[in-house]
Novice: 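The structure follows.
Here the structure is a predicted model, which means the values were calculated and not measured. Numbering of residues begins at 1 and proceeds along the displayed sequence.
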Amino acid sequence: MADTKSGYKRRFPRIGRCCCCFSPEMSVTVSSIILIVLLILCIIYSISFNIGMMDTTSIIIDYTVIVCVIISLIVLVIGVKKSKSSFMKQFRIVFLLDLVYEIYGIITYFIKVNSDEFIQETLKIMKDSYKTMNMENQLSEEMLINNIKRSFRVAMIEYIIISIIMIYYYLSTCSYIEDVKEKQFEEKDIRNLENNEY
């Protein structure tokens, strides 16, 4: 925790903006609004395509986490617009918990898809879907397994890239929140000096 000239202790290092073209305030606002829209689209997509395919408990947990993050982001945007650090503080905890949850999900997904049992189950589903659609499977079982593994690897790379972007967004937003708090601390310092309260 670095001590600044005003005596304020930073908890996050200074990091650049999320969107390099904008001011720090606009960068956080635009990035947060984009993330809110993407999360809402994610819920809509998930509801329309995954009905009956996933475990009900995991769906409820996922939706609860996403809704909490959306609410946190909305409060963050309001806090940025009104320069209220009290509205922004909650973001650090809520989004950190979401990042931990997401990374845990990626690790468990990676372990699950690398098991032979999961690959065989996916292969069986593919063969059943070919029969259901009256399509002839031209590929050998080995080629199908290789395609399944390749698609899981691509999905893993996508998840990792998205996680890196989210971690950068989190760090840069927390850096902005620290900048706001530091500025408010310095303004309070100046007011106290003007009023001879030291």
Side-chain angles (χ1 to χ4, degrees), residues 8 10-110 112-113 151-185 187:
Y8 179 79
R10 289 186 68 93
R11 291 188 178 95
F12 286 89
R14 276 199 167 80
I15 296 178
R17 300 173 271 226
C18 300
C19 302
C20 56
C21 307
F22 301 120
S23 67
E25 178 185 327
M26 184 59 76
S27 176
V28 169
T29 304
V30 168
S31 301
S32 299
I33 290 171
I34 290 171
L35 192 53
I36 290 167
V37 170
L38 289 175
L39 289 171
I40 291 170
L41 290 174
C42 180
I43 289 174
I44 292 168
Y45 173 82
S46 180
I47 288 172
S48 53
F49 290 104
N50 290 334
I51 292 174
M53 293 179 79
M54 289 178 71
D55 177 32
T56 310
T57 309
S58 67
I59 289 176
I60 291 170
I61 292 170
D62 285 348
Y63 288 166
T64 304
V65 168
I66 292 172
V67 168
C68 289
V69 171
I70 290 171
I71 292 167
S72 172
L73 289 168
I74 291 169
V75 173
L76 172 70
V77 170
I78 293 168
V80 169
K81 286 292 169 197
K82 295 186 176 186
S83 291
K84 292 197 173 218
S85 61
S86 58
F87 280 42
M88 296 184 238
K89 281 195 295 189
Q90 52 75 34
F91 169 83
R92 292 190 306 202
I93 297 164
V94 173
F95 210 80
L96 178 64
L97 292 174
D98 177 58
L99 282 176
V100 169
Y101 179 74
E102 294 298 327
I103 291 168
Y104 170 77
I106 289 170
I107 291 168
T108 54
Y109 175 79
F110 183 71
K112 182 179 177 183
V113 299
S151 67
F152 288 152
R153 273 189 232 116
V154 169
M156 279 307 302
I157 291 168
E158 287 174 7
Y159 289 145
I160 289 168
I161 290 170
I162 290 169
S163 294
I164 290 168
I165 292 169
M166 296 301 264
I167 289 168
Y168 181 76
Y169 165 75
Y170 174 74
L171 291 173
S172 61
T173 303
C174 288
S175 175
Y176 170 76
I177 293 168
E178 287 291 311
D179 290 344
V180 169
K181 286 171 72 178
E182 184 176 1
K183 186 179 173 188
Q184 289 173 346
F185 188 85
E187 287 170 358

Novice: Is a salt bridge present between R153 and E158, judged by a nitrogen-to-oxygen distance below 4.0 Å?
Specialist: no
Novice: If you round to the nearest 0.5 Å, how far is CE of M166 from CG of D98?
Specialist: 6.5 Å
Novice: Are any of the side-chain heavy atoms of F110 and F152 separated by less than 4.5 Å?
Specialist: no
Novice: For Y170 and F95, take the angle between the two ring planes, folded into 0 to 90°, and tell me which bin it lands in: parallel under 30, tilted 30 to 60, perpendicular over 60.
Specialist: parallel
Novice: I need the I70 CD1 to S32 OG distance, nearest 0.5 Å.
Specialist: 12.5 Å
Novice: Strictly distance-based, threshold 3.5 Å: is any side-chain N or O of S172 a donor or acceptor partner for the main-chain N or O of Y168?
Specialist: yes
Novice: For a 4.5 angstrom cut-off between non-hydrogen side-chain atoms, does L97 reach V65?
Specialist: no
Novice: Would you check if M156 and I106 make a side-chain contact, meaning some heavy-atom pair closer than 4.5 Å?
Specialist: yes
Novice: When you compare the side chain of D62 with that of Y101, does any pair of heavy atoms fall below 4.5 Å?
Specialist: yes
Novice: With the side chain counted from C-beta on, respond yes when S31 and T173 share a heavy-atom pair under 4.5 Å apart, and no when they do not.
Specialist: no
Novice: Please report the closest heavy-atom contact between V94 and C68, naming both atoms and the distance.
Specialist: CG1-O, 4.0 Å
Novice: Can you measure from CD1 (I43) to CD1 (I66) and round to the nearest 0.5 angstrom?
Specialist: 5.0 Å
Novice: With rounding to the nearest 0.5 Å, note down the distance linking OH in Y159 to CD1 in I103.
Specialist: 14.5 Å
Novice: Are K181 and M88 packed together at the side-chain level, in the sense that at least one heavy-atom pair is separated by less than 4.5 angstrom?
Specialist: no
Novice: Once you round to the nearest 0.5 Å, how far does OH of Y169 lie from CD1 of I34?
Specialist: 10.0 Å
Novice: How long is the span from the CG atom in L171 to the CG atom in L96, to the nearest 0.5 Å?
Specialist: 9.5 Å
Novice: Let me see the working for Y176 and S27 under side chain to side chain donor-acceptor pair (under 3.5 Å), right down to the final yes or no.
Specialist: CA-CA 10 Å; Y176 170 76; S27 176; over 6 Å; no
Novice: Among V67, V69, L73, find the residue that satisfies the side chain to side chain contact (heavy atoms under 4.5 Å, CB included) test when tested with I71.
Specialist: V67
Novice: Are L76 and Q90 close enough that some pair of their side-chain heavy atoms sits under 4.5 Å apart?
Specialist: yes
Novice: Check whether T29 reaches the backbone of E25 with its side chain - one donor and one acceptor, N or O, closer than 3.5 Å.
Specialist: yes
